[in-house]
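Here is the structure we will look at.
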Amino acid sequence: MLDFSKNLIDDDIWGALVALAEAAGVRERTSAMFAGEHINNTEDRAVLHTALRLPADASLTVDGQDVVADVHETLGRMRHVAEAVRSGAWTGATGQPIRNVVNVGIGGSDLGPLMVYRALSDYREDLTCHFVSNVDPTHMHETLRFLDPAETMFLIASKTFTTQETMANANSAKAWLLAGLESAGGLSGADLDGAVAKHFMALSTNAEGVAAFGIDPNNMFGFWDWVGGRYSVDSAIGMSLMLAIGPEEFDQFLAGFHEMDQHFQTAPLAENLPVIMGLLGIWYRNFLDFETHAVLPYSQYLERFPAYLQQLDMESNGKSTKLDGSPVDHETGPIIWGEPGTNGQHAFYQLIHQGTSVVPADLIGVVNPANDVGGQHDLLMANLFAQAEALAFGKTGEEVEAQGISVALVNHKTFSGNRPTNMILADELTPGIVGQLIALYEHKVFVQGTIWGVNSFDQWGVELGKELARGIVPELTSDADPDLNHDGSTNALINHYRATRRR
């Protein structure tokens, strides 16, 4: 359920926004995306994350290939391996079953699986999943320090198998595994050489690189160039989820995505959830100049949802160039941020209620919780509904005075109201509902990118810093003083680091 009644619109404004969506070609571009046209023009690619959740009896031919058949072939192999691991038929190098899975990836190869794993924690069984993304060695160290190598499997999530941060972490994981199996498991020689194949899988398309690492290419699960990283949680990148919740529940997860896809394709614009949310965001960003948008889930299981949406939204629509290469002449993507309620209420809600910046917000609640103790869920939901009411209607000076508050404090206790919110309510947090929720925001971002005239499916802004970092690494590690050709500030920082670093 989406309640968007607490927004700064009237019938005339809403009618004009719907007309804007029609004029911008939202419906036509939607059809082009689902048909597999190359709407990612800067990379000359189709945009087909929606094909990842098409049922097996569907058919979609793109560039001469039935992509649905490809998707379900990969899903079938994933199911086979997941069932073997979950049942205990798959064992590690010492014959012990796998009890811990470590997903090693970054960006979309981490944010999506981690978010959904937390969201569906109530559905996981014997396996525990961990997620390592940061190249900071502390992240890997803290993840592995209490794990048993004999019971641990690693999923290396990198399409190219060359992502700098991921491969650094993958090599660290491999060294940890082999050292642990050799010392505690007593493995050596050929048994140790073959251990990687029993403890590592690859979510990649680079068969040569995967094999060179020691992973059996039969345990490599690929995806396609028409799947962007931030749209990949329902692809092979979701292998950790299938291991955790099982293939049947993963199927329900995909079915939830597909249900929202169908709604987005068929519902009239004025009754279409992603279109409604997208248009409201356009109204606030471009017409009322509100720079940020908060996502505030009143569910601890959704604690990582705001972080996930930061990438989905800001990497997609944080653009200043139009599809035709010309500069945009209007604002584009908002800054996305948020934390779970009620924690946020005791942190930053002060600014949302009485600050000088208006922050539109999505409030997300679950009606029937997986866990309830002593009526606490009712208390949680009371806070959710109260916050939306308070933000919308505030409290006038007259109402404050009527409570007998001293004149000196009246202004301090007055709330202006007219702070807009969307209220999203799910009956319960099932795999299908989580799939719907993700697809809702995917398509919202698509609607806004279409209206802004930008390509929501490339991310050139991610590349410059990575390119520069590759050049700086040898300057930090070389024995001889390097010849630095950066700006003065960067040169000074490198010199300070080299002079201070203890090895």
Side-chain angles (χ1 to χ4, degrees), residues 21-22 24-78 108-109 112 159-160 203-205 221-238 251 253-267 269 272-275 278 312-313 315-317 319 322-325 435-436 438-460:
E22 293 171 345
V26 166
R27 188 61 80 198
E28 292 79 7
R29 191 165 169 82
T30 299
S31 297
M33 177 175 71
F34 278 89
E37 295 183 23
H38 287 210
I39 65 170
N40 178 350
N41 65 317
T42 62
E43 297 176 301
D44 192 23
R45 293 175 180 173
V47 174
L48 275 178
H49 48 279
T50 54
L52 297 169
R53 49 261 197 166
L54 283 171
D57 59 0
S59 178
L60 178 60
T61 300
V62 177
D63 300 331
Q65 186 74 21
D66 183 354
V67 299
V68 180
D70 290 344
V71 166
H72 281 273
E73 188 275 332
T74 298
L75 284 172
R77 292 196 303 113
M78 290 169 61
S109 298
K159 182 187 288 189
T160 62
L203 314 178
S204 177
T205 56
F221 304 95
F223 46 109
W224 303 269
D225 64 5
W226 39 258
V227 181
R230 56 192 175 277
Y231 296 91
S232 66
V233 66
D234 45 340
S235 72
I237 291 298
D251 286 345
F253 178 56
L254 297 180
F257 277 96
H258 182 58
E259 187 171 358
M260 184 58 71
D261 292 343
Q262 291 180 303
H263 168 78
F264 180 52
Q265 286 182 279
T266 60
L269 293 179
N272 191 304
L273 270 65
V275 174
L312 176 64
D313 199 312
E315 193 168 271
S316 295
N317 288 339
K319 308 290 172 61
K322 294 181 182 179
L323 286 163
D324 63 6
Q436 288 182 34
I438 296 171
L440 167 63
Y441 279 89
E442 286 179 346
H443 297 319
K444 171 204 165 179
V445 167
F446 171 83
V447 168
Q448 293 182 329
T450 297
I451 293 173
W452 284 322
V454 300
N455 183 358
S456 300
F457 304 104
D458 60 12
Q459 55 280 331
W460 304 110

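In this structure, Phe264 and His443 have parallel ring planes: the angle between them is below the 30° cut-off, well short of the 60° mark. Aromatic ring orientation, His49 versus Tyr231: parallel (interplanar angle below 30°, classes split at 30° and 60°).
Here the side chain of Thr205 pairs a donor or acceptor atom with the backbone of Lys159 at under 3.5 angstrom. Listed for the His263 side chain is no donor-acceptor partner under 3.5 Å among the backbone atoms of Pro274. Not one N or O on the side chain of Gln436 forms a donor-acceptor pair closer than 3.5 Å with the backbone of Met260. Between the Asp66 side chain and the Ser59 main chain, no donor and acceptor come within less than 3.5 Å of each other.
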Side chain to side chain contact (heavy atoms under 4.5 Å, CB included) evaluation trace for Trp452 with Lys319: CA-CA 9 Å; Trp452 284 322; Lys319 308 290 172 61; over 6 Å; no

Using side chain to side chain contact (heavy atoms under 4.5 Å, CB included), reason through Val447 and Asn272 one step at a time and then give a plain yes or no. CA-CA 11 Å; Val447 168; Asn272 191 304; over 6 Å; no

Please assess Thr50 against Asp261 for the test side chain to side chain donor-acceptor pair (under 3.5 Å), listing each intermediate value before the final yes or no. CA-CA 7 Å; Thr50 54; Asp261 292 343; 5.2 Å; no

One pair to check against salt bridge (Lys or Arg N to Asp or Glu O under 4.0 Å): Arg45 and Asp458. What are the steps and the verdict? CA-CA 10 Å; Arg45 293 175 180 173; Asp458 60 12; over 6 Å; no

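A distance of 13.0 Å separates NE2 of His258 from CG of Asp251, quoted to the nearest 0.5 Å. Here Asn40 contributes atom CG and Leu323 contributes atom CG; the two are 9.5 Å apart, rounded to the nearest 0.5 Å. Summarising the geometry, atom CG belonging to Leu54 is positioned 10.5 Å from atom CG belonging to Leu254; distances are rounded to the nearest 0.5 Å. Annotation: the span from Met33 atom CE to Leu48 atom CG amounts to 8.5 Å, rounded to 0.5 Å. For the atom pair CZ (Arg27) and CG (Leu269), the distance works out to 4.5 Å, reported to the nearest 0.5 Å. Here the straight-line distance linking atom CZ of Phe221 with atom CD of Glu73 works out to 9.5 Å at 0.5 Å rounding.
In plain terms, the two heavy atoms of Val47 and Phe457 that are nearest each other are CG1-CE2, 3.4 Å. Nearest heavy-atom pair, Ser316 versus Arg230, reported as atom, atom and distance to 0.1 Å: OG-NE, 2.7 Å. Nearest heavy-atom pair, Val62 versus Gly36, reported as atom, atom and distance to 0.1 Å: CG1-O, 3.7 Å.
Each of Asn317, Thr450, Asp313 was evaluated against Ser456; a single residue qualifies, Asn317, per the side-chain contact (heavy atoms from CB on, under 4.5 Å) test.
Looking at heavy atoms from C-beta onward, Phe257 lies in side-chain contact with Glu442 at the 4.5 angstrom threshold.
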